[in-house]
Structure formats: C-alpha cells, structure tokens
Number of protein chains: 2
Amino acid sequence: MVQKTGATDALIDEMGQMAFVTMAALSRVSSENGLSLTQLRMLGILRDREPRMADLANRLGLEKSTMSGLVDRAEQRGLISRSVSEDDARATHVALTKKGQQLASEIEAQVRVAFAPFIEPLDEKEQKKLHKLLKKSLSPEEKVSQNEE
Amino acid sequence: MVQKTGATDALIDEMGQMAFVTMAALSRVSSENGLSLTQLRMLGILRDREPRMADLANRLGLEKSTMSGLVDRAEQRGLISRSVSEDDARATHVALTKKGQQLASEIEAQVRVAFAPFIEPLDEKEQKKLHKLLKKSLSPEEKVSQNEE
DNA sequence: TATTGTTATACTCTATAACTATA
DNA sequence: TATAGTTATAGAGTATAACAATA
C-alpha cells in the first residue's frame, strides 16, 4: 500500500504543481508557434527519426487514425512530409522538412527560455542535485511493481 | 540570455520528461474516472471553494464560454451544481455535489497511487531534498523577470 | 453602459469502425 | 488473411463573437 504521510503528500503536491507549470510553459510555447502540445511533441520526436505512422502514433500514445489528422495538418503547413516506405508499400514514413527542422530548433530555444524561471532560482549545485534526484525518480529500471510488501 | 550548458540542458530534459510522465499519470487517472484532465483539475479546485464561473475559468486559464460547457457536462453527471449568487443575480456559483466530493476523494487516493512509482525510488531523505528543491524552483516570490542581465 | 454567463459557430484533438491497398 | 494507413463519424475541449439578464 501507499503510505499517506505529510512529507510524501507535500512532495506529491509539488510534483503535480511542477507538472502543471511546466506543461503550461510547453503549451504556451506551442501556441505561440501555432502548434498544439501534441504537435510540439511530434516535432520533437521527428528531430532524430523518420518513423512510420504506426511507430509515431505509438510513441505519442495515440490511435493511428488520430495520427493521420495530425500529420495532415502539419503537412499542409509544410512542416513534415510523408513518403512511401521502400521496404513495404503499405507503410508511410514521416520526416521533418527544412522548415520543420528550423521550427523545431527555434522551439528548442524557446523551451529553454520558458523553463528558465524554474531553473534560475537554483544555484548550480542545487541544479545538479535536482538533476540527480529527478533522474533517479524517473529511472524505469526498477519501477516498483504494484505489489504490497 | 539563457545559458546553454550541458548540465542545464540535462535538467531541462528531465523536467520536461517528468512533466510528461506525471501528466500522463494524471491523464490516466482522469480517464479511468471518465473525466478529462481539465475536469480533474476542476474537481480539485472545487474541493475547498465554491467559486463563480469567471473565477473558475480564471483559475483554469480558460474562457468563460469554455467553462459553460465543462460545467454543463459535469452537472449532467451529477458531480457539481450551479446556484445563483445571493450578492449578484448575474453571477453563478459552482459547487461539488456529494457525489462529486466522493469522486474527488477517490481521485486523490488514485493520484497518490499513480505517483508512487516516482516517489518510491527515493529514500526518505531524498524525498525531502526533492521536496525542498521543487519548492524553491517553484517559488513564485522572485520569479526572475525576462530582462537580460 | 458595463459585467456575468450562455449560446452559436468553428476548429482541433481524440477514438471507434469501416474501408483500401498491400503483404 | 493480416497489416498499414486513411476516411467517416462522433464527442469533448477550446476560442471568438453575439446575445440576454442584471448591475
């Protein structure tokens, strides 16, 4: 069972709060660039891959039909392009266009600025400590199974 | 300007990653209860308030017209109720029903479970340290203004 | 006149189900 | 037959603009 303690509750609250403010920052960057948060994520994924539609949908946790619409709209804006797979004529690969690459770069810089208010209150040592703790918290290796102990 | 350093970039990456996994956890809890993430937030806000529509919209960062629809759907499900303000006949107050209160309580417990995988990799001392760092990072008091230095 | 909230309208995101083309 | 992707359809979330009721 999950213990209910004051300290843990405070941490949960802050993790939730941090999630909302950082997601709000990302949403703001998205809309300032005429993108949805999902499209922002999609561009981020495409920066170093040219996945199939199904792979992309999988990474974003979406249905393939949803993917078609998202890719349609980004393609109409000239940010990405589709191409038929050479291996399998049924499959479609998605890639950033030059314009899409440029936008993705600009967004990366904007995200850095958007996150600055959360980074700058911490000195360098604290930043490193936070980095370590978040890394450990996120570590998927030994994600505790939901068994009671 | 915002410095681009390896250490800071790693922290930004992790903050973004943490935001996505925690939001995913909250989204999962939401959908398991037949709610959208926005409705989850709305219930959370209403746990200790009976705000006006405009106040609620403001807290959620939404337009008042959007608020009408969200409240409509939650009201149809019997989770919240509307009442005309005694002070101002134009204003509508929103409150949780008994059913809404109960659901909000259940959700609180579910969120605790959903966040456990991120809490449990840390020992108690680390949890306290993370709590302190997040608190400092989030501290709104001296949010650095966007001036260059 | 100004403000509170709703309604009308439109677009994006999302899913399910049916479909087309290829394997 | 099975798989990859698209299309048709429907509902929720969102915003803008117009509106009704009240201040």
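Protein chains get the first letters and strands the later ones, always in sequence-line order, with residue 1 at the start of each. Only a predicted model underlies this, so the values are computations on that prediction, with no experimental measurement involved.
- Both B:Ser36 and A:Thr92 sit near DNA chain D, but only A:Thr92 has its closest nucleotide nearer the 5' end.
- Taking only side-chain nitrogens and oxygens, A:Arg52 never comes nearer than 4.0 Å to OP1 or OP2 of D:dT3.
- Within the structure, a side-chain polar atom (N or O) of B:Arg73 is placed less than 4.0 Å from OP1 or OP2 of D:dG13.
- Side-chain contact of B:Arg47 with B:Ser105: a donor-acceptor pair under 3.5 Å is present, judged by distance alone.
- Panel note: side chain B:Lys99, backbone B:Arg77; a donor-acceptor pair is recorded below 3.5 Å.
- Atom pair B:Arg90:CZ and C:dT1:P shows a separation of 17 Å (rounding to whole Å applied).
- One atom, CE of B:Met42, and another, P of D:dA12, lie 13 Å apart when rounded to the nearest Å.
- Side-chain nitrogen and oxygen atoms of A:Gln39 include at least one within less than 4.0 Å of the OP1 or OP2 phosphate oxygen of C:dC13.
- No side-chain donor from either of A:Glu106 and A:Asn33 sits under 3.5 Å from a side-chain acceptor of the other.
- At distances below 3.5 Å, not a single donor-acceptor pair connects side-chain atoms of A:Ser30 with backbone N or O atoms of A:Leu40.
- Per the geometry, CE belonging to A:Met53 stands 18 Å off P belonging to C:dA21, to the nearest Å.
- Under the 3.5 Å distance criterion, the side-chain polar atoms of B:Ser137 are left unmatched by any main-chain donor or acceptor of B:Leu133.
- Following rounding to the nearest Å, A:Gln76 (CD) and D:dT6 (P) show an atom-to-atom distance of 13 Å.
- Comparing A:Asp88 and B:His93 against DNA chain C, the residue whose closest nucleotide sits nearer the 5' end is B:His93.
- In this entry the distance linking CG of A:Leu35 with C1' of C:dC13 reads 14 Å, nearest Å.
- Taken residue by residue, residues 54-70 of chain A places heavy atoms nearer than 4.0 Å to DNA chain D at A:Ala54, A:Lys64, A:Ser65, A:Ser68.
- B:Thr66 places no side-chain N or O within donor-acceptor distance of the main-chain N or O of B:Leu62, the cut-off being under 3.5 Å.
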